[in-house]
Amino acid sequence: MRDSVTAYVSLGANLGAAQAAVLQAFHRLDAIPRTRVAARSSLYRTVPQHAEGPDFINAVARVETRLDAMELFACLQELENQAGRDRPYPNAPRTLDLDLLLYGAGCIDSRTLTVPHPRIRDRAFVLVPLSEVAPHLVAQQELDAVAAQGVTRLP
């Protein structure tokens, strides 16, 4: 059996009951075979970046998984589909968005998956919750660089 790998998943939604969708997604991530949620960040309200629609609810989960990166990615896409995710155009509002940010120390550059996520360092809605579950992965200078993007921790 494959050794467990630590991966980080970004969760977001801005359609319907977005907060409930993100909270439910934490549970669904934990139900993926050979995968468990080891830590989860707080929820954050964020202004859409290069997208339209209402504010997002965002979070990050640290997961321990025995799936390979492509298997995990396929499970994430299936969870999005189950939540009614529609992709009518790039950056469209969404019922659920799950991005595989990091997969161990792995680097993947395929047509379907790029890890580390290519825009991880440009997005406050990723860096702020990521710094909560993995402070060693986010430098203060990176947080300072995205501070103006409008991220508010929810109570």
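Heads up: numbering here begins at 1 and tracks the sequence.
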Is L101 reachable from I32 through a run of hydrophobic residues whose side-chain heavy atoms are each under 4.5 Å from the next? no

Is any side-chain heavy atom of T35 closer than 4.5 Å to one of D30? no

Side-chain heavy atoms of R123 within contact of V146, under 4.5 Å: no

Gap separating the CZ atom of F125 from the CZ atom of F56, nearest 0.5 angstrom: 7.0 Å

Tightest non-hydrogen contact, residues V22 and I57, listed as CG2-O, 3.6 Å

Mind checking whether L11 and L154 sit in one hydrophobic cluster, side chains of I, L, V, M, F, W, Y counted as touching below 4.5 Å? yes

Does Q19 use its side chain to pair, donor to acceptor, with the backbone of A13 at less than 3.5 Å? no

Any side-chain donor-acceptor pair under 3.5 Å between Q140 and D144? yes

Return the minimal non-hydrogen interatomic distance between E64 and A38, and the atom names on each side. CG-CB, 3.9 Å

V128 and L43: same hydrophobic cluster, using ILVMFWY side-chain contacts below 4.5 Å? no

T114 side chain to H117 main-chain N or O, any donor-acceptor pair under 3.5 Å? no

Apply side chain to side chain donor-acceptor pair (under 3.5 Å) to S42 and R153, showing your working. CA-CA 7 Å; S42 302; R153 184 177 177 177; 2.9 Å; yes

Short question: side chain of Q77, backbone of A74 - any donor-acceptor pair under 3.5 Å? no

Residue pair E78 / F73, side-chain heavy-atom distance below 4.5 Å: no

In terms of heavy-atom contacts, V60 and S10 come closest through CG2-CA, 4.2 Å

Indicate, with yes or no, if V115 and V126 share a hydrophobic cluster defined by side-chain heavy-atom contacts under 4.5 Å among Ile, Leu, Val, Met, Phe, Trp and Tyr. no

Check: D55 main-chain N/O paired with N14 side-chain donor or acceptor under 3.5 Å: no

Step by step, work out the salt bridge (Lys or Arg N to Asp or Glu O under 4.0 Å) result for D97 and R94. CA-CA 7 Å; D97 184 30; R94 56 211 69 159; 3.3 Å; yes

Hey, are the side chains of V5 and Y103 touching, using non-hydrogen atoms and a 4.5 Å cut-off? yes

Where is the tightest heavy-atom contact between F26 and S41, given as atom of each residue plus distance? CZ-O, 4.1 Å

Not counting sequence neighbours, which residues clear side-chain contact (heavy atoms from CB on, under 4.5 Å) with A83? List them please. T95, L96

Side chain to side chain contact (heavy atoms under 4.5 Å, CB included) between Q149 and L127, intermediate numbers included: CA-CA 11 Å; Q149 290 183 11; L127 288 178; over 6 Å; no

Is the closest side-chain heavy-atom distance between S131 and L143 below 4.5 Å? yes

Within the 4.5 Å heavy-atom criterion, are I120 and D99 side-chain neighbours or not? no

Let me check something: do V151 and V133 share a hydrophobic cluster, defined by ILVMFWY side-chain heavy atoms less than 4.5 Å apart, either directly or through other members? yes

Which heavy atom of L98 sits nearest a heavy atom of E80, and at what distance? N-OE2, 2.7 Å

At what distance, to the nearest 0.5 angstrom, does CZ of R66 lie from CD of E71? 13.0 Å

Taken in chain and number order and not counting sequence neighbours, the residues that satisfy salt bridge (charged side-chain N to carboxylate O under 4.0 Å, His left out) with R121 are E142

Any side-chain heavy atom of L29 within less than 4.5 Å of one from L79? yes

Can you check whether L76 reaches V9 side chain to side chain, under 4.5 Å on heavy atoms? yes

My understanding is that only residues two or more places apart in sequence, or in another chain, count here; which of them pass side chain to side chain donor-acceptor pair (under 3.5 Å) with T46? N58

Please report the C-alpha distance between L67 and C75 in whole Å, then the side-chain angles of each, then the deciding distance to 0.1 Å, and finally whether the side chain to side chain contact (heavy atoms under 4.5 Å, CB included) criterion is met. CA-CA 10 Å; L67 299 177; C75 290; 4.1 Å; yes

Step by step, would you call L130 with Y8 a side chain to side chain contact (heavy atoms under 4.5 Å, CB included)? CA-CA 8 Å; L130 179 61; Y8 295 89; 3.7 Å; yes

Of all heavy-atom pairs between A69 and L113, which one has the smallest distance, and what is that distance? O-CD2, 4.1 Å

